[in-house]
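Working notes, structure below.
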Amino acid sequence: TNGSAPAVPSDQYDSLYLSPVTVGSSTLHLDFDTGSSDLWVFSSLQAQSSLVGHDYYMVDPAKEKQGYTWKISYGDGSGASGKVYADKVVVGGVTATAQAVEAATAVSAQFTQDVDTDGLLGLAMSTLNTVKPQQQKTFFDTVLKQLAQPLFAVDLKYHAAGSYDFGFIDKSKYTGAINYVNADTSKGWWGVSATAYSIGNASTSATVSGILDTGTTLLYVDTPIVKAYYAKVKGSKMDNTQGGYVFPCSATLPDFSLTIGGVKQIVPGKHINYSPTSAGNCFGGIQTNDGIGFSILGDIFLKSKYVIHEMGSTPRIGFAQQ
Ligand SMILES: Cc1nn(C)c(C)c1CC(=O)Nc1ccccn1
């Protein structure tokens with residue numbers, strides 16, 4: 001069986017995208033995350049005060065995987081932990097009958113405060129799954145064999161609802177050719193490399209290695225590239241109190257592109273105006289990766305493309321223009 005689930009922006013700035021998932025007998029709204037590999041949910045194991053505003057998973061003790069635990073921390077300092085259950089998970093009509101469902105007992109403030117997000121559904125390699133004593137499969141790995149093709153496609157949109165397709169490529173969702181490159185999955189992520197970047201119509205040769213990450217809002221690249229980009233934005237500055245580069249909301253932002261597999265993958269300048277700040281300027285969608293040693297191609301990069309993640313004998317990534 002193949003299937004498709006909507007990806008709805010959680011707010012007016014596309015901070016994250018939420019997809020409806022049936023977990024046991026509840027429908028939760030999860031953030032599908034190609035940068036991690038745990039399916040975790042807000043649950044009845046948590047204090048009631050943490051559940052206000054959230055939909056949550058009503059655990060059934062009979063389904064608990066006794067003695068199993070999980071604990072995840074993300075690069076931005078957020079995290080969660082809890083216990084593990086085996087239950088039915090349905091995404092767009094695709095059913096995993098005994099999927100490892102990681103029920104939270106504790107979650108960090110970033111997640112508790114975001115009342116729209118009821119958990120995450122990881123879509124990176126299962127080698128990054130945090131469950132102990134036995135690592136568990138992602139939803140995609142669990143259903144892989146029942147899909148017509150071993151792939152899922154990501155169609156995030158700018159200030160609009162997109163979708164995640166499982167098992168098939170939807171020709172109505174892209175124009176032109178799909179450009180495929182091999183994925184570097186050696187670190188558990190969907191890794192890609194670019195051979196150049198461009199700001200406006202000026203191109204610079206450089207190696208930009210990064211991971212595709214639907215669970216990250218912005219596009220994080222090496223500091224020299226960030227500086228070169230905002231040098232082209234009048235009135236822009238690094239604002240440490242806001243935590244990144246800001247600029248006048250009236251500024252014209254140049255397009256940015258990464259050349260992957262010989263093809264320029266363009267991020268329209270308009271997409272790089274992420275949101276207004278509390279200080280009356282606007283926060284940039286391109287920010288520094290703080291020397292973590294790789295780039296994070298988050299939603300700002302992804303929302304102009306249809307991106308196929310194919311787990312064949314050689315994992316591949318396909319890029320097409322929306
Ligand atoms: C924002 C960021 N900074 N640094 C160093 C990294 C690695 C990130 C990406 C990140 O943490 N993404 C995330 C956060 C919560 C849930 C899912 N993905």
Side-chain angles (χ1 to χ4, degrees), residues 7-11 13-19 21 28-42 50 54 70-82 102 104 106-131 138-140 152 154 156 164 184 186-192 208-223 225-226 238-240 242-246 267 272 274-275 277 283-303 307 309:
V8 182
S10 65
D11 63 19
Y13 309 121
D14 301 344
S15 298
L16 51 93
Y17 296 82
L18 293 169
S19 301
V21 178
L28 306 181
H29 294 89
L30 305 185
D31 178 5
F32 286 16
D33 180 14
T34 55
S36 68
S37 308
D38 284 46
L39 195 176
W40 71 261
V41 292
F42 275 74
S50 310
H54 287 275
W70 61 280
K71 181 174 171 50
I72 195 163
S73 48
Y74 300 99
D76 67 353
S78 64
S81 60
E102 300 173 34
V107 304
S108 63
Q110 294 100 319
F111 289 115
T112 312
Q113 284 155 9
D114 170 11
V115 294
D116 300 315
T117 303
D118 303 325
L120 267 70
L121 187 143
L123 291 169
M125 311 306 131
S126 296
T127 49
L128 294 182
N129 179 266
T130 73
V131 172
T138 64
F139 170 80
F140 178 53
F152 64 89
V154 178
L156 300 182
Y164 286 88
D184 171 8
S186 62
K187 294 196 183 64
W189 287 307
W190 293 94
V192 288
V208 179
S209 297
I211 66 169
L212 301 183
D213 187 355
T214 56
T216 292
T217 311
L218 307 180
L219 168 52
Y220 295 89
V221 294
D222 291 350
T223 304
I225 299 175
V226 181
M238 176 65 196
D239 178 338
N240 287 307
Q242 295 294 334
Y245 279 85
V246 297
V267 180
I272 299 168
Y274 167 59
S275 72
T277 72
F283 198 79
I286 292 175
Q287 297 294 344
T288 177
N289 62 357
D290 282 333
I292 53 173
F294 56 92
S295 297
I296 304 173
L297 310 188
D299 301 339
I300 291 286
F301 178 80
L302 295 165
K303 66 176 77 169
V307 185
H309 300 63

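Just so you know, these numbers come straight off a predicted model, no measurement behind them. Whatever order the structure lists them in is the order used to number ligands and atoms, beginning at 1.
Checking Gly75, Gly77, Gly215 against atom 3 (N) of ligand 1, the nearest heavy atom belongs to Gly75.
Asp38 and Thr130 form a side-chain donor-acceptor contact under 3.5 Å, judged by distance and modelled atom types alone. Inspection of the Thr117 and Asp114 side chains reveals an N or O donor paired with an N or O acceptor under 3.5 Å.
Within the listing of ligand 1, atoms 17 (C), 18 (N) sit less than 4.0 angstrom from a heavy atom of Asp33. In summary, the atoms of ligand 1 found under 4.0 Å from a heavy atom of Tyr220, numbered by their order in the structure, are 1 (C). Listed by number with element, the atoms of ligand 1 under 4.0 angstrom from any heavy atom of Ile296 are 6 (C), 7 (C), 8 (C), 9 (C). For ligand 1, the atoms closer than 4.0 angstrom to any heavy atom of Leu120 are 16 (C), 17 (C).
At least one heavy atom of Ser78 sits less than 4.0 Å from an atom of ligand 1. Not close to ligand 1: Thr217, with no non-hydrogen atom less than 4.0 angstrom away.
Judged by distance alone, with hydrogens and angles left aside, the side-chain atoms of Ser37 form a donor-acceptor pair with the main-chain N or O of Met125 at under 3.5 Å. A donor-acceptor pair is defined here as one N or O able to donate and one able to accept, closer than 3.5 Å; no such pair exists between the side chain of Asp118 and the backbone of Leu28.
Inter-residue side-chain proximity for His309 and Thr34 is flagged as met; some heavy-atom pair is nearer than 4.5 Å.
The protein atom (non-hydrogen) at minimum distance from atom 12 (N) of ligand 1 is Thr216 OG1, 2.9 Å. Atom 11 (O) of ligand 1 has as its closest protein heavy atom Asp76 N, 2.8 Å.
Inclusion of Tyr74 in the set of residues having an N or O under 3.5 Å from an N or O of ligand 1 is not warranted.
To the nearest 0.5 Å, atoms CG (Leu218) and CZ (Phe301) are separated by 14.0 Å.
Ring geometry for Phe152 versus Phe140: interplanar angle over 60°, hence perpendicular rather than tilted (30 to 60°).
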